[in-house]
Each structure stands twice: as C-alpha cells, then as structure tokens.
Amino acid sequence: MFGYMGKLLRINLTNNSIKVEDLDLELAKKFVGGRGLGTKMLYDEIDPKIDALSPENKLFFINGPMSGTPTPTGGRYMVVTKSPLSGTIASSNSGGTWGARLKYAGYDGIIVEGKADMPVYITVTEENVEINDAFDLWGKTVGETTDILQKEKKTNVLAIGPAGERLSKIAAIMNDKDRAAGRSGVGAVMGSKNLKAIVVTGNLKVSLFDEEATKANNKEATQKLKDNPVTGEGLPAYGTAVLVNVINANGMFPTNNFQEGVFANAEDISGETLAEKYLVRKDPCHRCPIGCGRYTKTDKVEGGGPEYETIWAFGADCGVKDLAKIIEANYWCNQYGIDTISAGATLAAAMELSQIGLLDHVDFEGHKLEFGNDDAIVYWTKKLALREGFGDEMADGSYRLCEKYGRADLSMSVKKLEIPAYDPRGVQGHGLNYATSNRGGCHVRGYMISPEILGLPAKLERQELKDKPFWTKTFQDLTAFIDSTGLCLFTSFALGADDYAKIFNSIVGTSWNGDDVLKAGERIYNIEKQFNIEAGILPEEDTLPERFLKVPMPAGPTEGHVHRLSELLPEYYELRGWDSKGAPTKERLEDLGL
Amino acid sequence: MITVKLYSAVRKYGGKEVLFDHKDGMTVRDIVEDLKIPLKELSIIILDNFDSTPDIMLDRTVKDGALLHLFPPMAGG
C-alpha cells in the first residue's frame, strides 16, 4: 500500500475497546484521505441528526496520503466530526507535526467513539495503544498538558484545554502546543468524550509508489514554492498578517463587528508591525518550506502566532489597536484551547450588544466589553474559555449569545460559525463562498480573496458578478482535494490541479490528471452537503447575515456596496448540479459515484 | 499633493509613505519609476478606491489629492 499506512485505529471509550482495522484502499483513493475520507466514513457510520455532544458522535483524526511523505508541507491532518456549533459537518485542519507522527506510528487515522466515564488520554506507539487515566491532567492548559506528556523527541501531543473540557462550542483541538484544529467546536466533541489528549510516538516510513518520481515532483514543487513571490518571500517574511493592510486599503477589513470596513489603526496591527516589534522567529510546520507560522514574544507572553485572522478578530473587529494585547489574547486561546476567530468575533458581537444598551445589567468586573478596550479582550478571552461570569454566556459563540438577547442578526456568522476577516460586501465571490461553505462562515473552503483581491492566479474585479459562481465552485472543489491530501492549502498559491495530480500519482499509484483532482474535490463537497441536508440544515441557511445583504458599507473604498447573493446563488446551484433549494440531484450524485 | 503608501517588501523603496507634488498628466507609472520600484515587484495597485493589477493601473492618470497604495505579491488567510 502506497501513501497510506493501511491501518485505522478504532477506539471506543465507552467500553475501552481498541481495534485495528484495515483501510479500505479503494474508498480511500476515491475520497483521497483526510477531509474526504473522514467525511465519507462519518456519513456512513452516524445518523447526521444526532446531538454532536452525545456519545453517538464520532471523532475522526485522519491523515491524507501525502502526510508524512517528503512532499513539501506534507504533515497536516483533519479532525472530522459533527459540529456542536453549527450542526453541520465539521472538518478542521491542523498543521504542526502530530498528523505526520500518527503515520509514523503506523496509522492513517484514529476514530474515537463513545464516552469515557472519567477523563482519559490515549497513547499510540508503533507497538502499542493504551487508554490511560487523565484525572491529573484535567483542568490543565494545553501547554502544561503537552509538557507533561511529551516525554521524547519522536512524540507529539494533541490535547484540549479547559474550554474543550467545559464543552465550549467554539473550543479547538490543539497539537504541538500552538497548532489548532480550530473551527467548528471540535474541541467540545473531544471534551464530551472525556478525552484530554492523544500522544503519538513513531518512526516508521510511508511507502511511496514511485520514489524517484516523488523525489523529482517534490523538488519541482519546492522550487515553485521558493520561486513564487508569495510563498517564497511574502509569507515567510511577514506571515499571514501581511494581509492586514491590503484588506484594509480595499475597505473590507471588518471593524467593530463589521459595522465599518476601514480600521484607522490597521498599520499598528499589521504583519509589518508584528515583524518589527514582536517576531522572534518563523515557526514552520512539518516539512514546510514556506514557514508562515510566527513565534512571537511580548513582555507578558511568548508562543506561536498570531495569524492574520486572529489579529483581525481581537484587533479591528473589537476596535483594538494594541498588538501586544492581541498577542496575549491569542496566547490564552492557545493555552485554553479555543478558536481565535470565533472567540474574537464573539467578543466583538458582545461589544455591539453592549453598545446598543442590551448588556447594561452585566457585571463586567471592571473590564467593560466596549469597542477599543484592549484590556477587555484579554480578560474576557480567559473568562469565555473558562465559562466564568459573563464569559459563560459567550462560551458557545456569537450566535447563541446574540440570540439570547433577541438580536441574532448581530452575530456575523453563517450557520452559526463566525465569518472571518473579509467583509463580503467588498468581495462578491468570497461572500458566495461564505454562504455556501459546508461548515458555515469559513474563508478556507474556497479562498476567493486570492483572485478577487490578490490577483492569484488572475485578478477578478471584486464587485463583478460574472463568472464568480464558477470560480467559487472551482476553488471549493480544489480546496476539498488539497484538504484531503495532507498538504497545506497555501501550496495552491504556487501549485495547480495538474501539479497535485502528478504528486498524488507518484505517491499513491493512480494516473489522475487535473480534472480528476477537481472531480474528487467535487465528490467530497457533495458528500458534505448531503451530510448537512440529512442533519437538518435548511436551504435558507445558505445565506449571509442581513447586515451584508441590506446595509450598504457606510464609508471607504467599499462604500455603498452590499452583497448580491441572490443574484449569484441560482447560477452556483446550477453549476453544482443541485436543485433550486441547493440539494444535490440524484443524477449529480450518481455522476460523482455517490 | 499625492500620497503614496508602500507595504511590506516594497517599503525598501521609500518607507511607509511618500508624498509627491502633482503634475499635469502624471500617471501611476511615473510614480513607480520615480521610486525605482521594479515592476515585477508590484502585484496590486489601489488608486482612489479602485484596485487592480499593474497592467491595468500603471497608465492611469493620477489626480491632485490622490491616494495610491502599492503592494508586492502577497497572500495569507
């Protein structure tokens, strides 16, 4: 078996059973791995209607065929489960080394079922798998847990923090301390199973179908990544936060919970300022020649991050210009295991509720949640993660918070997942992607910012509607494939579908071309959609918050624009072969082999 | 007066901001050449709220009071 290790580990925490299963190779190839294979297996094994925090939900930690191979960026894995935040499919991607290490221990994935009576952690080595008592670890931060469990160099630790233990619906699963499977509340699913950590040790190699061809492909891909000015220069020098200024200059840098699109202090929180004042070093993931990850230090904290989205969420979205405080809030998100995007956006939503007088009764403990209060973002991030005081009301994300106060419209989310750092009124294709993303408000399901703002691979006029459904669908399908391989999405700034097909073939032994890559991605996108429909997600949930559809951007380069979703959605559904309510037709599913 | 803002890698050609006196018929290309920025190092240009690539933007006329943003290739997410 090439690319794949050929084994899956199935652990049931209710009855403490541990089984090693053979990987269905044909199924694996058809759904590639990671996001695709995990979704297909979850879809087959659970009723999508179940409560996401019940023992019936399953948690897939699953690799792609390129994880653990020498392919550049080949170290990522996916967490696939039903989301407690959105009720949709959740597939949350993470870097670091943990995913690759799982393959070095001999497994393509781990499936966790049931619920332990008491807190446990799992250890996986090449020879042995154990379920251990985690009583002494429960309540500890991700950093403390990792330090206790990381006993040797060839070991990597994945863990939840207190937020996951307390079932925060925006809790993350962390690995290698600072890497996050951040979105959709996957950390709460792990917490609901009383599973604190998975410790993996291994040193095996992944077999390759054609070693020489793989070597040549990797050399070519690495060269392309180095020669490309984005992956070779911009991202290594400034990290993802290099985007702060360009998004702000286009008037679509969401400010004060998306009330405005220009943040006057953008320069203060930019990637350039981060590099100048707080950057200690680059912090690359496993086998990554790009190295966009940051390791930063302030006078209070040091650690991984922050990313662009994090800087925006705690920065402009909360009206905060103090980058040191943003780094601090990011640090506590990593320690407590919480999604930085959803956490920051939830604080921003609370600030707007406060602005209009709906939180006058709240005891803010001397740290009022109001736009621009830099002290409040650190204080309330900790409280949110720990469910303390008013933090408990914010711990399940902005939608549930705003709904409680009768203003669900002030949650800037799609399917209850908080929208990231690009106001859709400034980018029509990207807004369509938000509305149709199978996990809700997400930028990395079809990153239309690439053509609409950054000119990659070609510049599209951002307010133009023509061809945007086609581009959005293509980006979504290609992304679904990349997410399933174990490679980083950022490779797509330099590589195309044909490059991925070539790499996939040399590792797995297929003879795919670029069209096969896109078709596999489309298959994955459709199985996700089918999961959502059966989970009860309604057609009208393929939408955007009313603010974007009805309230024109008040000022700046995007002034006067709204998002024109209703003009884009019918063509998008038609291109996908879905009916007018966004459900895949029988013919389309058959054509995709579903 | 024209305000030119530079970002990330192209800051080495003039820092964060450069002010130019306006001249009749002045284009984006004139400013880029004055700053000695190699064209291949530019990716996105925003002139008075309209953004596009250098091939579209370089020959645009710059009005007095204009705000011009010059970006090298970049991405993130």
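Order of the sequence lines sets the chain letters (A, B, ...), proteins ahead of strands, with each chain counted from 1. Because the structure is predicted, anything quoted here is derived from the model rather than measured.
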A.B. asks: Look at atom CG of B:D55 and say whether more than 12 heavy atoms of other residues, nucleotides or ligands are closer to it than 6.0 Å.
C.D. replies: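 Yes.
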A.B. asks: In terms of heavy-atom proximity below 4.5 Å to chain A, should B:K16 be classed as side chain, backbone, both, or neither?
C.D. replies: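 B:K16 touches chain A through side-chain heavy atoms alone.
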A.B. asks: As an exercise, state the distance from CZ of B:F71 to CG of A:N250, rounded to the nearest 0.5 Å.
C.D. replies: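 CG of A:N250 is found 7.0 Å from CZ of B:F71.
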A.B. asks: First locate atom CZ of A:R462, then atom CZ of B:F50, and finally report the distance between them rounded to the nearest 0.5 Å.
C.D. replies: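 One finds 9.0 Å between CZ of A:R462 and CZ of B:F50.
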A.B. asks: Quick check for you: to the nearest 0.5 Å, what is the distance between B:S8 atom OG and A:N245 atom CG?
C.D. replies: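 Rounded to the nearest 0.5 Å, the OG-CG separation comes out at 8.0 Å.
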A.B. asks: Atom NZ of residue position B:K12 - does it have more than 12 heavy atoms of other residues, nucleotides or ligands inside 6.0 Å?
C.D. replies: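 For B:K12, atom NZ is crowded (more than 12 foreign heavy atoms under 6.0 Å).
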A.B. asks: Is A:V242 close to chain B through its backbone or its side chain, or both, or neither, when contacts mean heavy atoms under 4.5 Å?
C.D. replies: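 When you check distances to chain B, atoms from both the backbone and side chain of A:V242 fall under 4.5 Å.
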A.B. asks: Working note: A:I453 + B:I44, criterion side chain to side chain contact (heavy atoms under 4.5 Å, CB included); need CA distance, chi angles, decisive distance, verdict.
C.D. replies: CA-CA 8 Å; A:I453 298 296; B:I44 296 297; 5.9 Å; no
A.B. asks: Heavy-atom cut-off 4.5 Å, strictly under: side chain, backbone, both or neither for A:I449 against chain B?
C.D. replies: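 No part of A:I449 comes within 4.5 Å of chain B.
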A.B. asks: Pick from A:E307, A:E272, A:H443, A:E309: which one has the most heavy-atom pairs with chain B under 4.5 Å?
C.D. replies: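 Sorted descending by pairs with chain B, the first entry is A:E272.
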A.B. asks: What residue in A:T558, A:V230, A:L235 has the most heavy-atom pairs under 4.5 Å with chain B?
C.D. replies: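 Option with the greatest count: A:V230.
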A.B. asks: Does any backbone or side-chain atom of A:A249 lie under 4.5 Å from a heavy atom of chain B? Answer side chain, backbone, both or neither.
C.D. replies: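 Both the backbone and the side chain of A:A249 come within 4.5 Å of chain B.
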A.B. asks: Minimum heavy-atom separation for A:P557 to B:N49, with atom names?
C.D. replies: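 Heavy atoms only, the tightest pair is CG-OD1, 3.2 Å.
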A.B. asks: Can we say A:K459 and B:D51 salt-bridge, meaning some charged N sits less than 4.0 Å from an Asp/Glu carboxylate O?
C.D. replies: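 Yes, A:K459 and B:D51 are salt-bridged.
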A.B. asks: Between the side chains of B:R11 and A:E267, is the shortest nitrogen-to-carboxylate-oxygen separation below 4.0 Å, so that they form an ion pair?
C.D. replies: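 Looking at B:R11 together with A:E267, the answer is yes, because their closest N to O distance falls below 4.0 Å.
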